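Just so we're clear, the structure is a prediction, and the values are computed from it rather than from any experiment. Below, chains carry the letters A, B, ... as their sequence lines are ordered, and counting in each starts from 1.
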Amino acid sequence: MQRRRKTGTERRDGRAATPRTDFLERVYAVVRQIPPGRVTTYGRIARAVGAARSARMVGWALHRCPPDVSDVAHRVVNRNGELTGGWAWGHPAIMRALLEDEGVTFVDEFQVDLARHLWDPMEAEDTPDSRGIPEP
DNA sequence: CGTCTGACTTAGT
DNA sequence: TACTAAGCCAGAC
């Protein structure tokens, strides 16, 4: 599954614009705002925090998320609606049960109905409910 | 200290 | 439609 970049050191070096702690805080802030019964994707979160190409970092952030974020982390799925992070709960079925308990429907055993429940953090930023994302 | 992997996504072939 | 390449960046070895 590894892409195995041939040269290995070819990545661009122009980063360091976003401290990782700040990145994590932003990710967690977005995840906390996901309403019950809704789901969003890693890529959408990445875009919302200003790191559109760092979807993997979002996954990494959730892998080591604090307890409060863990409570709503099951509302984050991949762009296909699949419960890729389901094993973090021991088994994807547990994650699915959590989502179903909130009213989320599934199109497959481990695939949510994104068309019905997808929540876009970019739109929610404007709602009065947003509290974790200060203006830059 | 170098290399690979990963709760991902997009674009190209 | 399926598979490959590449981009991101922090850990584990």
Side-chain angles (χ1 to χ4, degrees):
Chain A
M1 174 150 84
Q2 39 293 18
R3 250 81 266 182
R4 220 156 267 212
R5 34 176 145 69
K6 329 172 171 187
T7 49
T9 29
E10 196 93 37
R11 62 155 94 120
R12 63 177 67 171
D13 49 327
R15 78 127 227 133
T18 307
R20 67 155 206 246
T21 54
D22 195 43
F23 173 83
L24 291 175
E25 289 303 316
R26 289 177 188 237
V27 171
Y28 297 150
V30 171
V31 174
R32 287 194 202 95
Q33 292 167 42
I34 305 175
R38 300 293 197 102
V39 295
T40 192
T41 70
Y42 301 96
R44 283 244 155 93
I45 294 173
R47 214 175 275 243
V49 301
R53 296 185 170 108
S54 299
R56 280 184 120 168
M57 289 293 89
V58 176
W60 166 77
L62 268 63
H63 181 77
R64 63 173 303 288
C65 66
D68 61 317
V69 175
S70 185
D71 287 337
V72 292
H74 59 270
R75 297 174 189 149
V76 183
V77 298
N78 75 349
R79 102 163 254 328
N80 202 24
E82 296 166 294
L83 311 186
T84 53
W87 292 103
W89 283 267
H91 195 281
I94 299 176
M95 182 175 176
R96 175 170 134 260
L98 289 170
L99 289 167
E100 286 184 317
D101 189 50
E102 295 179 349
V104 176
T105 55
F106 283 69
V107 296
D108 193 43
E109 204 60 16
F110 299 118
Q111 184 175 20
V112 304
D113 190 347
L114 278 183
R116 286 186 57 179
H117 307 287
L118 180 59
W119 177 81
D120 191 341
M122 297 295 268
E123 295 178 3
E125 250 182 66
D126 241 349
T127 70
D129 213 6
S130 59
R131 47 204 134 79
I133 302 186
E135 181 120 3

For nucleotides 1-3 of chain C, print each protein N/O atom paired with a nucleotide N/O atom at under 3.5 Å, atom names and distance only.
none

_Smallest separation among heavy atoms of A:Trp119 and A:Arg38, with atom names_ = CB-CB, 3.7 Å
Do any N or O atoms of the protein come closer than 3.5 Å to N or O atoms of nucleotides 11-13 of chain B, and which pairs are they?
none

*With A:His91 via ring pair (Phe, Tyr, Trp, His ring centres under 6.0 Å) - residues at least two apart*: A:Trp87
*Where the side chain of A:Asn80 meets the backbone of A:Glu82, is there a donor-acceptor pair that is under 3.5 Å apart?*
no
*A:Trp89 side chain: which of C:dG11, B:dA7, B:dT9 is closest?*
B:dA7
_Separation between the P atoms of C:dA5 and B:dC4, rounded to whole Å_ = 15 Å
*Of the non-hydrogen atoms in A:Phe23 and A:Ala51, which two are nearest, and what is the gap between them?*
CE1-CB, 3.8 Å
*Using a cut-off of strictly less than 4.0 Å between a heavy atom of the residue and any atom of DNA chain B, enumerate the qualifying residues of residues 72-82 of chain A by number.*
A:Ala73, A:Asn78, A:Arg79
_Gap in Å between the two P atoms, one belonging to C:dT4 and one to B:dT5, rounded_ = 15 Å
*Nucleotide nearest A:Arg56 when distance is taken to its side chain, options C:dC8, B:dA7, B:dT9*: C:dC8
_Residues which pass side-chain contact (heavy atoms from CB on, under 4.5 Å) with A:Asp113, listed by chain and number, not counting sequence neighbours_ = A:Thr105, A:Val107, A:Ala115, A:Arg116, A:His117
*Closest contact, heavy atoms only, A:Arg32 versus A:Val72*: CA-CG2, 4.1 Å
*Using the P atom as the reference point in each nucleotide, state the distance between C:dT1 and B:dC8 in Å, no decimals.*
23 Å
*Output the rest of the hydrophobic cluster of A:Val112: all Ile, Leu, Val, Met, Phe, Trp and Tyr residues reachable through side-chain heavy-atom contacts under 4.5 Å, sorted by chain and number.*
A:Val39, A:Val77, A:Leu83, A:Trp89, A:Ile94, A:Met95, A:Leu98, A:Leu99, A:Val104, A:Phe106, A:Phe110, A:Leu114, A:Leu118
*Worked check of side-chain contact (heavy atoms from CB on, under 4.5 Å) between A:Tyr42 and A:Leu62*: CA-CA 9 Å; A:Tyr42 301 96; A:Leu62 268 63; 4.2 Å; yes
